[in-house]
Asks: 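Quick one: the structure is below, questions incoming.
The model shown is predicted, which means the values in this text are computed figures rather than measured ones. Proteins come first, then strands; the chains are lettered A, B, ... in the order of their sequence lines, and each starts at number 1.
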Amino acid sequence: MDRREPGAGFSDGAARLRVAVHKFGSCDGCQLAFLNAGPALLALAEAVELVHFLEAGLDDPDARVDVAFVEGSIGTSEEAERIRAVRERARVLVAIGACATTGGVQALRNLADAGGWVARTYPEPDRVHVLPESAPVRAHVAVDLELAGCPVTTRAVTETVASLLRGALPAPRHEKLCLECKRAGLACVMVSRGEPCLGPVTAAGCGALCPGLGRGCYGCFGPSELPEAGALAARLRALGLDAAAVRRRLLAIHAGVPAFQQAALRQVGEEDGDGR
Amino acid sequence: MPEPGWLPLQRADALLATLREAGYRVVGPQVADGIIRYGPLGEAAALPWGVRVEADAGRWRLRRTGEGRAFAWANGPQALKPLLFAPEETLWRTDADGRPAPQAPEAPPPTAVIGVRACDLAALALLDAHFLRPGREDPWYAARRSGLLLVAVHCTHPAATCFCASTGDGPEAREGHDLALWELEEGWLVEAAGAAGERLLAALPLEAPPAGAAERARTEVAAAAAAQTRRLPEGPLQARLFERLDHPRWAQVGERCLACGSCTAVCPTCFCHAAEERPGLDGSSARVRRWSSCFTEGHSYIHGIVLRPDARSRYRQWLTHKLGAWHAQYGRSGCVGCGRCIAWCPAAIDLVEEMEAIVGDA
């Protein structure tokens, strides 16, 4: 694998970064962070040379690039092979979005008998090469930077490109949503309304969208540093949520996160029927 | 000092008008999104008339009573801190060629804040001690601080989470303000402190106070002190805290603590911040300072090691600093008894209860 120090070789500011955007198991939404950049898209197009980006009509998946942005989780044997090829052809690999960083919504199947589903659903299950788990990119290859979010934000993507243009990876951000919420002057929805909220275990970066609308956080940006999911689950129960509701909240978007999984599966309740 | 004057509630707008004529933009508390928040105040009618606050650990609710008072509540999540220590601000920039593009701190227009409480004034004195330390003035804080005029309101309706009487910081506003209001059902008894306050007092269309108003007002504020049930353990806690770093209670509270930093964000004296670089695609860059917290990983990150990796050690760091090490740094405890950290803790952790458990037996 031809991997140099992140950013090495493109710090003179004059060279345009060669960039590829790859899609794996995902909804395509994170790639839109590039296309939805608005006026920044012009600056972005000047700063980088896009060589592969199917959603933008560029089809050259085997090109060697400075930076590969990877959307989606790794959930099939074909994807497991393809991500290795992407890694080999990129100096820097940036995983973007919930699927690529935690396994995404589809990691719900990690907790179920997914193999059994395939056997029961398809007449020739051997043709379906699905892996037992929907995994984040880092479970298969080395990742230089992860940008969280469902979807990732245009700001995070453009700041990453801007940093890489100067030969540096941006510092990883795992701060909790609560601090972003407080800086925005928002009312804590748990304290002022009794709304269940995943803010205390979720990474900042969305701009506290849901609390700004009076709703609790659903955890789109995935786990923060030190995600005390067990303590939060206990508090949500104390606020009146039943075990099934706590499980659903913790597993909905990031079932692949061990801390969320453990806290969710520790929830014991009489409502097990609809909580799976 | 001039005698206090009387402003009937029907003429409350005269206070705002007088402040504006003196060149101040007026900021005051208002009900918004179910909380009380400080923002630009257009008219006295926008004040939080007829509401009270019901607070407990992890819970804060407004209750409408319809009574004719604008200040029958103790506090919301924030007061002066965001007005002076900006939650997020750009400190400097470099241009597209990497040259520094200095940015002088912008001085906001002179601002009068109505409704400042005794705890907020005590907290302000601590923020001043930190950000305006001689020879180390923070120019961004100083620019906002210089034009600030404070209209205090003595507290008559403490929340259940309040304990300012035990820290010695309230409920009566004693220093740091320019004007102070004693609120009664029919009006405000207005008094001045300092030259700016006295000029404003002279400009206000005040009447002679009704008979007994001053006594009634003092009785109400004394009752507000007596009504407080939470009390911090007495005396400087520094030695006792540092003797008990291995107290089992730290681990117990660490089990409940979410390490979310909400307590430090609402604390009116917490001043920790972090700076980050925000690069632009054109080669320019901005250096941005933001509120941070001792509950973050970054706070104890030192070349590859996070010294305080768990909630237990972060909670202990916060309280041993706030209630212990502050004495050596700033000559007093960093707690002013506002109770915000108790009410706004999403995990319902009660600082007073934790301190009683850890150092309350001496």
Side-chain angles (χ1 to χ4, degrees), chain A residues 13 37 40-48 155 158-166 168 170-194 197 199-202 211-214 224-232 234-236 238-239, chain B residues 32-39 55 57-62 76-78 82 86-88 96-98 254-266 274 276-285 290-293 295-298 306 308-311 314 343-349:
Chain A
L41 186 58
L42 294 173
L44 202 60
E46 272 177 29
V48 306
R155 186 177 136 183
T158 49
E159 281 186 4
T160 300
V161 171
S163 275
L164 289 170
L165 280 170
R166 262 159 288 179
R173 302 227 352 224
H174 302 298
E175 181 191 75
K176 299 185 176 199
L177 179 65
C178 294
L179 287 178
E180 189 164 49
C181 207
K182 291 291 185 299
R183 284 195 294 261
L186 299 175
C188 175
V189 296
M190 262 171 88
V191 169
S192 69
R193 294 164 177 249
C197 180
V201 297
T202 298
L213 296 166
S224 63
E225 54 121 342
L226 193 58
E228 297 283 13
L232 180 62
R235 181 59 185 157
L236 295 179
L239 284 175
Chain B
D33 303 328
I35 60 169
I36 292 172
R37 187 180 279 147
Y38 284 73
R59 187 186 152 84
W60 192 98
R61 295 286 195 284
L62 275 180
Q78 301 284 355
E88 179 169 313
D97 298 318
E255 289 290 307
R256 294 168 60 208
C257 177
L258 303 167
C260 67
S262 290
C263 48
T264 60
V266 298
E276 64 177 27
E277 205 60 28
R278 298 244 176 100
L281 287 169
D282 65 352
S284 69
S285 195
R290 309 185 306 161
W291 286 1
S292 189
S293 169
F295 283 87
T296 65
E297 182 177 80
V306 176
R308 291 185 285 277
D310 52 18
R314 295 183 194 178
W344 295 96
C345 173
I349 294 169

Asks: Less than 4.5 Å to any heavy atom of chain B: does that hold for the side chain of A:R235, its backbone, both, or neither?
Replies: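 Contact with chain B: side chain only.
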
Asks: Does this structure show an ion pair linking A:E159 with A:R173, if we count only N-O contacts that are shorter than 4.0 Å?
Replies: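 Between A:R173 and A:E159 there is no salt bridge, as every charged N stays at least 4.0 Å from the carboxylate O atoms.
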
Asks: Tell me, out of A:A187, A:S192, A:C178, who's got the most heavy-atom pairs with chain B below 4.5 Å.
Replies: A:S192

Asks: Taking NZ, NE, NH1 and NH2 as the nitrogens, is one of them in B:R290 or A:E175 under 4.0 Å from a carboxylate oxygen of the other?
Replies: yes

Asks: Which one, B:D310, B:I35, B:V266, B:L258, leads in non-hydrogen pairs under 4.5 Å with chain A?
Replies: B:L258

Asks: Measure distances from A:L44 to the heavy atoms of chain B and classify the residue's part below 4.5 Å as side chain, backbone, both or neither.
Replies: both

Asks: Which of the residues B:P77, B:G261, B:A259, B:G76 is involved in the greatest number of heavy-atom pairs with chain A at under 4.5 angstrom?
Replies: B:A259

Asks: Please classify the contact between A:A43 and chain B as side chain, backbone, both or neither, with a heavy-atom cut-off of under 4.5 Å.
Replies: both

Asks: Name the option with the most non-hydrogen atom pairs under 4.5 Å to chain B; the candidates are A:M190, A:E225, A:H174, A:K182.
Replies: A:E225

Asks: Can you say whether A:K176 sits under 4.5 Å from chain B via the side chain, the backbone, both, or neither, judging by heavy atoms?
Replies: side chain

Asks: Relative to chain A, which of B:A274, B:G34, B:A347, B:A32 shows the most heavy atom pairs under 4.5 Å?
Replies: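 The option with the most such pairs is B:A347.
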
Asks: I need the residue from B:R314, B:R59, B:R256, B:R61 with the largest number of non-hydrogen atom pairs under 4.5 Å to chain A.
Replies: B:R61

